[in-house]
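Working notes, beginning with the structure itself.
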Number of protein chains: 2
Amino acid sequence: MEHRIDKIKKQLHSQSYKLTPQREATVRVLLENEEDHLSAEDVYLLVKEKAPEIGLATVYRTLELLSELKVVDKINFGDGVSRYDLRKEGAEHFHHHLVCIECGAVEEIEEDLLGDVEKLVETQWGFQVKDHRLTFHGVCRVCQEVTVKA
Amino acid sequence: MEHRIDKIKKQLHSQSYKLTPQREATVRVLLENEEDHLSAEDVYLLVKEKAPEIGLATVYRTLELLSELKVVDKINFGDGVSRYDLRKEGAEHFHHHLVCIECGAVEEIEEDLLGDVEKLVETQWGFQVKDHRLTFHGVCRVCQEVTVKA
DNA sequence: TTAACTGCAAACCGTTTGCAGCCCA
DNA sequence: TGGGCTGCAAACGGTTTGCAGTTAA
């Protein structure tokens with residue numbers, strides 16, 4: 001954890017940005033909730049618990065900055081809210097998501113499922129792939145069981 | 001074209017909705033610009049050329065309705081605007097997109113690239129896939145050539 | 001007849017921005 | 001002492017909603 005904060009601090013410094021207390025608090029919230037997909041508002045409320053004086057605009061500015069540095073990915077599940085997802089260490093690709101249409105749960109898939117598909121797109125369509133976004137919408141394991149029982 | 005409008009008309013009637021002149025004008029704009037990925041505002045401006053008295057709210061309501069009927073898919077490329085994409089006839093799956101990060105062009109892929117991947121997700125993660133969203137971000141053929149020349 | 005539908009304008013809400021003050025190099 | 005940074009509040013822009021009037025089955 002401290003290691004990862006140090007790393008981010010260096011990334012910031014390398015572009016002459018500072019790791020201010022507000023920014024550090026924001027990063028810590030992201031680290032502590034790595035499994036969730038927090039919106040800016042979510043992050044704001046969690047940061048506010050530790051640093052009540054922080055402003056929403058600062059959270060937005062920090063998330064934007066972290067997004068530029070590729071520390072987080074800004075994602076969008078189509079509900080009109082941006083969510084921010086910490087990149088796993090060493091992850092070169094954006095990970096995938098399973099969104100449950102029953103309960104809204106979001107599961108992550110780290111495996112690279114698209115290697116073959118990307119090769120196909122490059123050769124067949126002549127499109128040079130830089131990144132991808134893959135989301136499956138469906139029914140998660142838990143909700144399938146509930147449906148069976150009901 | 002008329003055939004497709006008839007079909008949509010029937011779909012509406014089956015749920016006791018009407019195909020009003022405003023709705024028909026909206027559908028026609030979508031049909032005439034099937035290759036584009038129009039925002040609600042885009043649709044509004046195009047409809048207004050034919051039916052100047054139409055209101056923006058009606059366009060939104062129509063697009064929402066068509067989206068519920070699965071006549072169009074509401075998509076989002078992360079630029080804060082929803083776009084509406086007519087489903088191809090008989091398409092059971094959402095199609096994929098190639099978004100160029102240089103020029104912003106959006107190309108469509110109709111082929112179902114994810115058959116194997118979906119099977120994997122169902123067996124390995126126990127997730128019942130209903131639909132998917134796949135977008136590749138990268139450099140399109142045209143922009144690759146421009147870069148080489150420059 | 002009456003429920004669906006419409007246009008308008010206001011409201012909404014997530015996000016961005018202008019600004020004056022602050023803090024640290 | 002000056003540029004990065006902050007909190008605040010106002011502005012912004014896409015979308016939704018309340019409402020009174022209209023239309024179509």
Side-chain angles (χ1 to χ4, degrees), chain A residues 8-27 29 37-69 72-85, chain B residues 5-6 8-29 37-69 71-85:
Chain A
I8 292 168
K9 188 174 186 173
K10 276 173 196 151
Q11 276 181 276
L12 285 165
H13 285 174
S14 75
Q15 312 214 17
S16 66
Y17 292 121
K18 301 169 194 170
L19 184 63
T20 62
Q22 292 92 333
R23 286 180 185 167
E24 186 173 334
T26 304
V27 171
V29 162
H37 299 77
L38 303 176
S39 67
E41 187 87 29
D42 294 336
V43 173
Y44 171 63
L45 292 174
L46 288 168
V47 173
K48 220 170 163 63
E49 289 177 9
K50 307 176 175 182
E53 72 290 352
I54 200 170
L56 181 55
T58 300
V59 171
Y60 271 103
R61 283 187 279 234
T62 301
L63 291 172
E64 182 61 32
L65 184 57
L66 293 174
S67 188
E68 275 167 30
L69 294 177
V72 302
D73 286 306
K74 191 173 179 178
I75 54 177
N76 196 304
F77 293 135
D79 57 354
V81 196
S82 291
R83 295 168 188 284
Y84 298 85
D85 219 0
Chain B
I5 291 190
D6 267 2
I8 292 168
K9 189 172 186 175
K10 277 174 195 148
Q11 276 182 275
L12 285 165
H13 285 174
S14 76
Q15 312 215 16
S16 65
Y17 293 122
K18 301 169 193 167
L19 182 64
T20 63
Q22 291 91 335
R23 286 180 184 167
E24 185 173 336
T26 304
V27 170
R28 282 185 190 278
V29 162
H37 298 79
L38 303 177
S39 67
E41 187 86 29
D42 294 337
V43 174
Y44 170 63
L45 293 173
L46 289 168
V47 174
K48 223 172 161 61
E49 289 177 9
K50 306 176 176 184
E53 72 291 350
I54 200 170
L56 181 54
T58 300
V59 172
Y60 271 103
R61 285 187 278 233
T62 300
L63 292 171
E64 183 61 31
L65 184 59
L66 294 175
S67 189
E68 275 166 30
L69 294 178
V71 172
V72 303
D73 287 305
K74 191 174 179 177
I75 54 177
N76 195 307
F77 294 134
D79 58 353
V81 196
S82 291
R83 295 172 187 283
Y84 299 84
D85 219 359

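A note on names: the letters A, B, ... follow the listed sequences, proteins ahead of strands, and every chain is numbered from 1.
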query = Is any side-chain N or O of B:Tyr60 closer than 4.0 Å to OP1 or OP2 of D:dT15?
reply = yes
task = Nearest whole angstrom, please: distance from the C1' of D:dC5 to the NE2 of A:His13.
result = 13 Å
key: Pairs satisfying salt bridge (Lys or Arg N to Asp or Glu O under 4.0 Å), at least one member in residues 51-65 of chain A, at least two apart   = A:Glu64-A:Lys74
task = Using a heavy-atom cut-off of under 4.0 Å over every strand shown, decide if B:Ser82 touches base, sugar-phosphate, or nothing.
result = sugar-phosphate
task = Rounded off to whole Å, could you give me the CZ-to-C1' distance for the A:Arg61 and D:dG3 pair?
result = 15 Å
key: Close side-chain approach of B:Ile54 and B:Thr26, heavy atoms under 4.5 Å   = yes
ask   = When you measure from every atom of DNA chain C, which of residues 15-23 of chain A have a heavy atom less than 4.0 Å away?
value = none
ask   = Looking only at heavy atoms, which two atoms of A:Lys18 and A:Arg23 are closest? And how far apart?
value = O-NH1, 2.8 Å
ask   = What's the CG-P distance between A:Leu63 and C:dG14, to the nearest Å?
value = 15 Å
query = Taking atom P of C:dC22 as reference, at what distance in whole Å does atom CD of A:Glu53 sit?
reply = 15 Å
request  = Give, for atom CG of B:Leu66 and atom CD of B:Gln11, the distance between the pair rounded to the nearest 0.5 Å.
outcome  = 9.0 Å
task = Apply the side chain to side chain contact (heavy atoms under 4.5 Å, CB included) test between B:Leu38 and each candidate in B:Leu45, B:Leu46, B:Val81; give the one that qualifies.
result = B:Leu46
note = Tested for side chain to side chain contact (heavy atoms under 4.5 Å, CB included) against A:Tyr60, the lone hit among A:Thr58, A:Leu63, A:Leu56 is A:Leu56
key: Whole-Å gap separating P (D:dG7) and OH (A:Tyr44)   = 9 Å
ask   = What is the distance from CG of A:Asn76 to C1' of C:dG14, rounded to the nearest Å?
value = 11 Å
note = dist B:Ser67:OG -> B:Ile75:CD1 (nearest 0.5 Å) comes out at 10.5 Å
remark   = To the nearest angstrom, the CG-P distance between B:Leu56 and D:dG14 comes to 10 Å
Options D:dT6, C:dA9, D:dG14, nucleotide nearest the side-chain atoms of A:Thr58 = D:dT6
ask   = How many Å lie between CG on A:Asp42 and C1' on C:dT15, as a whole number?
value = 15 Å
message = Under 4.0 Å, heavy atoms only, any strand: does A:Glu64 hit a base, just the sugar-phosphate, or nothing?
response = nothing
